[in-house]
K.L.:
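Starting off with a structure, shown below.
Residue numbers start from 1 in every chain, and the chains themselves are labelled A, B, ... in the order their sequence lines are given, proteins ahead of strands. From a predicted model like this one, the values you see are computed outputs, not experimental measurements.
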Amino acid sequence: MYKTEIKNMDLGQLAKSGQCFRMRLAAEMEHGGIWSAAAGGRYVEVMQDGSHFLFSCEEDEFEGGWRTYFDMDTDYEAVKRSVDPEDEYLQAAMAFGGGVRILRQDLWEMIVTFLISQNNNIPRIRNSVDALCARFGEKKTGIGLVLDLEGCVKTVEKTYDPFPEAGAVAAGGLEGLAGLGLGYRDKYIWTMAEKCSGPDGTKWLDDLRAADYHTAHGMLTAEFGIGRKVADCVCLFGLHHVEAFPVDTHVKQIVNTYYPGGFPLERYRGYAGILQQYMFYYKLNDK
DNA sequence: TCACAGGCTTCTG
DNA sequence: CAGAAGCCTGTG
């Protein structure tokens, strides 16, 4: 296990932020809880109490993977300080969801996830992603956390479904995607599974990783089923181009209501996507 | 950086 | 019935 302090991070908020659909509550607790995350062929469980975090992995695995995944080297404090103090909507959004970050997730997984997201809602997206993993992901074991009778934290073995490789999805054919609640999106996913598998697919994904935002966005929208909005989500969540600013139906409503002259993208040039996440989370979860 | 309409899955309120 | 982290295709 590895214990560390992290500010500006809230796992419960991240799980509801609409950027990752594979984080869930493993055990409820008085303060926060134990959350599980599966990413990049690895599994971890994390207990949060305020800014104190206990990871089920050891320090080397944290430093070698989860530190990057949780984007710990971005200064979110500086981002928050840079926001216009007069901007009441953004200030309220940051006060409400200040623990939201831009995770560094797997590119192929983000392509599939945000193809599923189109004309869809978060619970349904989650169901489809889970079903996809259950069908194609070959079960693996990871290390989780559990409280013993005395309330002490212990590690415990857990099984989980990793996100399937593109090759596995491609091999299943279009019919392999039936019954997952994908609807008309199934053909988009299967086409991209073909595109991303094999040596050519690996090269294309590597080229995408090497490209700047504008180029990557163009490469993505050239593909079947990927429009402007999905491409921006893949750029933001799969390539960490935080200048990408996905405009979906909710963000459109926010802009129409609170930024009639348009969102001040120039003021936040280079990282507007982070602010988009604060606004998106606030709009969807504030009641 | 042309605008717009219609269709596409499926579930919730 | 409308709406949900939309996109594709065809038309004028």
K.L.:
Classify the nucleic acid contact of A/Arg228 as base, sugar-phosphate or nothing, counting any heavy atom under 4.0 Å across all strands shown.
P.N.:
sugar-phosphate
K.L.:
In terms of side-chain heavy atoms of A/Phe224, which of B/dT10, C/dA4, C/dC8 is nearest?
P.N.:
C/dC8
K.L.:
How long is the span from the CZ atom in A/Phe53 to the OG1 atom in A/Thr4, to the nearest 0.5 Å?
P.N.:
9.0 Å
K.L.:
Any donor-acceptor pair under 3.5 Å between the side chain of A/Asn119 and the base of B/dT9?
P.N.:
yes
K.L.:
Quick one: the side chain of A/Tyr188 and the base of C/dG6, do they pair up donor-acceptor inside 3.5 Å?
P.N.:
no
K.L.:
Take atom CG of A/Asn120 and atom C1' of C/dG6, then tell me their distance rounded to the nearest Å.
P.N.:
10 Å
K.L.:
Is any NZ, NE, NH1 or NH2 atom of the basic residue among A/Lys154 and A/Asp148 found under 4.0 Å from an Asp or Glu carboxylate oxygen of the other?
P.N.:
yes
K.L.:
Would you kindly give the CG-to-C1' distance between A/Leu220 and C/dG6, to the nearest whole Å?
P.N.:
15 Å
K.L.:
Could you state the atom-to-atom distance from OH of A/Tyr184 to P of C/dT9 in whole Å?
P.N.:
13 Å
K.L.:
Could you tell me the separation between the CD1 atom of A/Ile116 and the P atom of B/dT10, rounded to a whole number of Å?
P.N.:
14 Å
K.L.:
Report the nucleotide, chosen from C/dG6, C/dG3, C/dT9, that has the shortest atom-to-atom distance to any side-chain atom of A/Asn121.
P.N.:
C/dG3
K.L.:
Give a yes or no on whether a salt bridge exists between A/Lys229 and A/Asp232, defined as a side-chain N under 4.0 angstrom from a carboxylate O.
P.N.:
no
K.L.:
Would you mind reading off the distance between A/Leu174 atom CG and B/dT9 atom P, rounded to a whole angstrom?
P.N.:
11 Å
K.L.:
Give me the distance, rounded to whole Å, that separates B/dG6 from C/dC1 when you measure between the P atoms they each carry.
P.N.:
15 Å
K.L.:
Would you tell me if any nitrogen or oxygen in the side chain of A/Gln253 comes within less than 4.0 Å of OP1 or OP2 on C/dA4?
P.N.:
yes
K.L.:
In whole Å, I'd like the distance from the CD1 atom of A/Ile125 to the P atom of C/dG3.
P.N.:
18 Å
K.L.:
With nearest nucleotides of DNA chain C determined for A/Gly225 and A/Phe237 from heavy-atom distances, which residue corresponds to the more 5′ nucleotide?
P.N.:
A/Phe237
K.L.:
With rounding to whole Å, what would you report as the distance between C/dA2 and B/dA5 at their P atoms?
P.N.:
16 Å
K.L.:
Answer yes if the ring centres of A/Phe136 and A/Phe163 are under 6.0 angstrom apart, and no otherwise.
P.N.:
no
K.L.:
Suppose you measure atom P in C/dT11 against the same atom in B/dT1; what distance do you get, rounded to whole Å?
P.N.:
23 Å
K.L.:
Mind calculating the distance between CD1 (A/Ile226) and C1' (C/dC7) to the nearest angstrom?
P.N.:
11 Å
K.L.:
Return the value, rounded to whole Å, for the distance between atom CD1 of A/Ile189 and atom P of C/dC8.
P.N.:
14 Å
K.L.:
Map A/Phe21 and A/Thr221 onto DNA chain C by nearest heavy atom, then report which one ends up closer to the 5' terminus.
P.N.:
A/Phe21
K.L.:
Between A/Asp212 and A/Thr215, do the side chains contain an N or O donor and an N or O acceptor separated by less than 3.5 Å?
P.N.:
yes
